[in-house]
Trainee: 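I have a structure I would like to understand better, so I am pasting it below and will then ask my questions one at a time.
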Amino acid sequence: MGAEVRPVHQPALLEQTVAVRTVSGAEAAGVELPVARVAVDMSLPHLDRPFDYRVTPEQDAAAQPGTRVSVRFAGKDRTGYVLERAATTDHHGTLMPLRRVVSALPVLTPEIAALCRAVADRYAGSLMDVVRLAVPPRHATTEKAVLEGTAADRTGTTAAHLPGTAWDHYVGGAAYVRRLAAGESPRAVWSALPAHGPGVPDRLASIAEAAAATLASGRGVVVVVPSAHEAEVVEAALTAALPGEPVVSLQADHGPSRRYRAFVRLLTGQARVVVGTRAAAFAPVRRVGLLVCWDDGDDLLAEPRAPYPHAREVLTLRAAQEGAALLLGGWTRSVEAGLLVATGWAASVTASRATVRERTPRIEAPGEIDLAREGPAAAARIPRPAWELVRKALEKGPVLVQVPRSGYLPVVACQGCREPARCRECHGPLQLGGRTSVPSCRWCGRPDRTWACPTCGSSAMRASRVGSARTAEELGRAFPKVPVVLSGARADHGVVREVDEKARVVVATPGAEPVARGGYQGALLLDAAAVSGRQDLAAPSEALRRWLAAAALVRPASEGGRVMLLGDPAPIPGQALVRWDPAGFAERELAERHELHLPPASRMASVRGSARAVAGLLRHLERPDGVEVLGPVPFSEEEVQALVRSDLGQGSRLTRALAQAAAVRSAHKEPDSVRIQVDPTEL
DNA sequence: TACCGCGAAGCT
DNA sequence: GCTTCGCGGTAC
């Protein structure tokens, strides 16, 4: 994607033209390639380059590229990775010998090393920061155990590809899978359709068919999903759909041993299919043929550690470097995925309008005019037509109610002047945990029995946000014969994963919606303004993503499935939901970003830290034409933030300039730290 | 002449 | 980050 492919040993920072000398004679001690170029494990921006060490005759056989070694660096033992072996060095002093080869297993393959370099350059970070995300810590006993099982190497075995039907309903879908099976590497952005009822192949069947086709071409598969639970669901589906094919799961929360075991099995070719969370984008699958990312708009796919790479970008870079196919799928379409389609780099795979109508529920977003006709009920959070929808749907099956916030009344305000009620200790927002409970602070937990408004003196409170628990209570009162289920990431209840086909009301926060066997008969999406109306660049797309995820759990209109979007949604994502048109939404959103010169139509980075640190970095920042600096402006009490922007064509120059500036700061030992985030998550 | 403390330099 | 180097200082 326009990113330069740079050899691992040539960092972006310094174009060095230094005299090279051949290491020979006594120094080489009979070793043919006596120099090991080592990436040393530390994260100093100005030392983001390999260092040369001497390989002793005893280390010669083991110290192959990719192996983990221990070296003396600045007087201290550190681990590192051999990037390559060479006969020459550009270092003038005598080379220090490698202290020890930790293991002969080459854990940092040339492909993954090159990917880490590309990711580091893309995000203005250092190679080692990325390698730490890509290569899990060694677990010696596990390594030994897995290597003893290497006999079962599967590379070369080829599963027969039995064409399925899961892609037939997508225009270009069957061709996509056919090309995978033929060993080609097509790139697609796929708008998945919900599937309910027996015999209708769902998104998991589509992913499994794409995987099977890739395996049939003799290549491996990487599937990245946002959450551990999603990984389990997809892993189970692939295991069932690919008999005899081991599917490994790679998740940070599996613990060091299990994680390293999965990693080594892929590395040695004992398994060639992996499903996992964001770090799995780096999984060392041999001869990788297909890279899949499900729901790439989920911000869980953005790594929270420097340099903050997003799994979608990692896979995109990897597809380009390794010549693999890419499949970005989801109910919605992220603006970033839309850009890949707009530039022609990836194809759009969607269903025809007729198929969309056939597979999706009927969706309404009653506007103000409709509601005005309802009289006083219109002002309510759940107006009369919505109660009607729930009542009728419950005759045939379960109903989902999506509420943006958990809790009872998570935000309360003064009845008199509507000022938000705040904690007297820490000024955090007050909440009510239940109908009769005492107000308490959401930040410090301190209860406040005697609250009175500091502005107008009133002691009466009103709800300014209604949470899922209160919503569940209201629905329970309205439908006393129907069970109510609450689902959300909270200590007092937790996430429910699945409900059966019986009539019940399920109240869930976004992302915690249980799957209903056979699909929900209806759904209400409440308080639509809460997300879609936020003054955040990502608000409309995030809102649509959440709404589509809930609507995808509802039966099609032909079976009476209905969805109602309530609470003053922003019109553009609201209409995109009603028309079930995520591709059109992404296109429109992208056009707007182009116009406003905002990402992903331009490259943007945030630079945050103390005022002097940010000023220092900006002073060192080279600003070629087209690079623009906005700010700095205060970010918090102690910190300021500046935004740096360029158009996409200048993107790699911008990130290189940022890395260079950070390197200069680091070399000068300027005080305080700066946090550089390319593609900042919040704008 | 030996040794400490401190700041700067450089890390193969 | 970390160590080490080299300087000027002081004590013996």
Side-chain angles (χ1 to χ4, degrees), chain A residues 6-60 62-102 108 113 116-117 120 124-133 137 305-307 609-610 612-613 616-617 620 659-676:
Chain A
R6 176 195 330 279
V8 183
H9 56 275
Q10 189 188 90
L13 299 184
L14 308 158
E15 277 88 47
Q16 308 147 306
T17 36
V18 192
V20 169
R21 72 184 177 86
T22 302
V23 175
S24 56
E27 197 182 357
V31 177
E32 196 190 340
L33 295 172
V35 178
R37 281 199 234 294
V38 176
V40 183
D41 194 352
M42 60 188 161
S43 53
L44 290 175
H46 66 293
L47 296 181
D48 183 22
R49 62 195 154 95
F51 290 85
D52 291 352
Y53 287 82
R54 187 163 52 81
V55 181
T56 66
E58 305 76 62
Q59 296 164 339
D60 188 19
Q64 293 304 311
T67 54
R68 219 187 290 254
V69 291
S70 168
V71 296
R72 195 108 187 131
F73 187 88
K76 238 195 124 186
D77 281 352
R78 291 175 175 277
T79 58
Y81 299 88
V82 175
L83 296 175
E84 61 175 349
R85 291 283 296 272
T88 62
T89 179
D90 53 24
H91 181 60
H92 293 288
T94 49
L95 295 183
M96 280 208 163
L98 296 173
R99 280 209 64 235
R100 156 177 107 83
V101 181
V102 175
L108 183 63
C116 291
R117 180 73 263 164
S126 70
L127 175 69
M128 260 304 157
D129 281 349
V130 183
V131 170
R132 269 193 292 272
L133 304 172
R305 286 174 292 171
S610 70
R612 67 172 168 175
L617 187 123
H620 302 308
Q660 175 76 58
V664 172
R665 240 183 60 81
S666 162
H668 291 182
K669 298 185 181 358
E670 291 179 20
D672 306 344
S673 61
V674 279
R675 176 190 151 112
I676 298 172

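Side chains included, hydrogens not; waters and symmetry mates left out as well; all remaining heavy atoms used. What you are looking at is a predicted structure, and each value in this text was computed from that prediction instead of being measured. Proteins get letters first, then strands, A, B, ... in listed order; numbering begins at 1 in each.
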Trainee: Looking for any heavy atom pair under 4.0 Å, which part of the strands does A/Tyr53 touch: base, sugar-phosphate only, or nothing?
Mentor: sugar-phosphate
Trainee: For A/Arg100, which residues count as a salt bridge (Lys or Arg N to Asp or Glu O under 4.0 Å) partner, sequence neighbours excluded?
Mentor: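 In terms of salt bridge (Lys or Arg N to Asp or Glu O under 4.0 Å), with neighbours along the sequence ignored, A/Arg100 is linked to no residue.
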Trainee: Taking the P atom of each, how far is C/dG6 from B/dT12, in whole Å?
Mentor: 15 Å
Trainee: Applying a 4.0 Å non-hydrogen cut-off, can you work out what A/Met42 is touching in the nucleic acid: base, sugar-phosphate, or nothing?
Mentor: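 Touches nothing.
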Trainee: Do A/Asp41 and A/Arg78 meet the salt-bridge criterion of a basic N to acidic O distance under 4.0 Å?
Mentor: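 No.
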Trainee: Let me know the distance between CG of A/Asp129 and P of C/dG1, rounded to the nearest Å.
Mentor: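 Those two atoms, CG and P, are 13 Å apart.
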Trainee: Do any N or O atoms of the protein come closer than 3.5 Å to N or O atoms of nucleotides 2-4 of chain C, and which pairs are they?
Mentor:
| from | atom 1 | to | atom 2 | distance (Å) |
| --- | --- | --- | --- | --- |
| C/dT3 | O4' | A/Ala74 | O | 3.1 |

Trainee: Not counting sequence neighbours, which residues clear side-chain contact (heavy atoms from CB on, under 4.5 Å) with A/Thr94? List them please.
Mentor: none
Trainee: Would you please name every residue forming a ring pair (Phe, Tyr, Trp, His ring centres under 6.0 Å) with A/His91, sequence neighbours left out?
Mentor: none
Trainee: Please list, one pair per line, the donor and acceptor atoms closer than 3.5 Å that link side chains of residues 62-71 of chain A to other protein atoms, with sequence neighbours excluded.
Mentor:
| from | atom 1 | to | atom 2 | distance (Å) |
| --- | --- | --- | --- | --- |
| A/Gln64 | NE2 | A/Asp60 | O | 3.4 |
| A/Gln64 | NE2 | A/Ala61 | O | 3.2 |
| A/Thr67 | OG1 | A/Gln64 | O | 2.7 |
| A/Arg68 | NH1 | A/Tyr81 | OH | 3.2 |
| A/Arg68 | NH2 | A/Pro136 | O | 3.4 |

Trainee: Would you say the side-chain atoms of A/Ser610 and A/Asp672 include a donor-acceptor pair closer than 3.5 Å?
Mentor: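 Yes, a side-chain donor-acceptor pair sits under 3.5 Å.
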Trainee: So where does chain A start and stop touching DNA chain B, 5' to 3', when the test is distance under 4.0 Å to a non-hydrogen atom?
Mentor: B/dA9 to B/dT12
Trainee: Determine whether the aromatic ring centres of A/His668 and A/His620 lie less than 6.0 Å apart.
Mentor: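 When the ring centroids of A/His668 and A/His620 are compared, they turn out to be within the sub-6.0 Å range.
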Trainee: Any ion pair linking A/Asp77 and A/Arg72 (charged N to carboxylate O, less than 4.0 Å)?
Mentor: yes
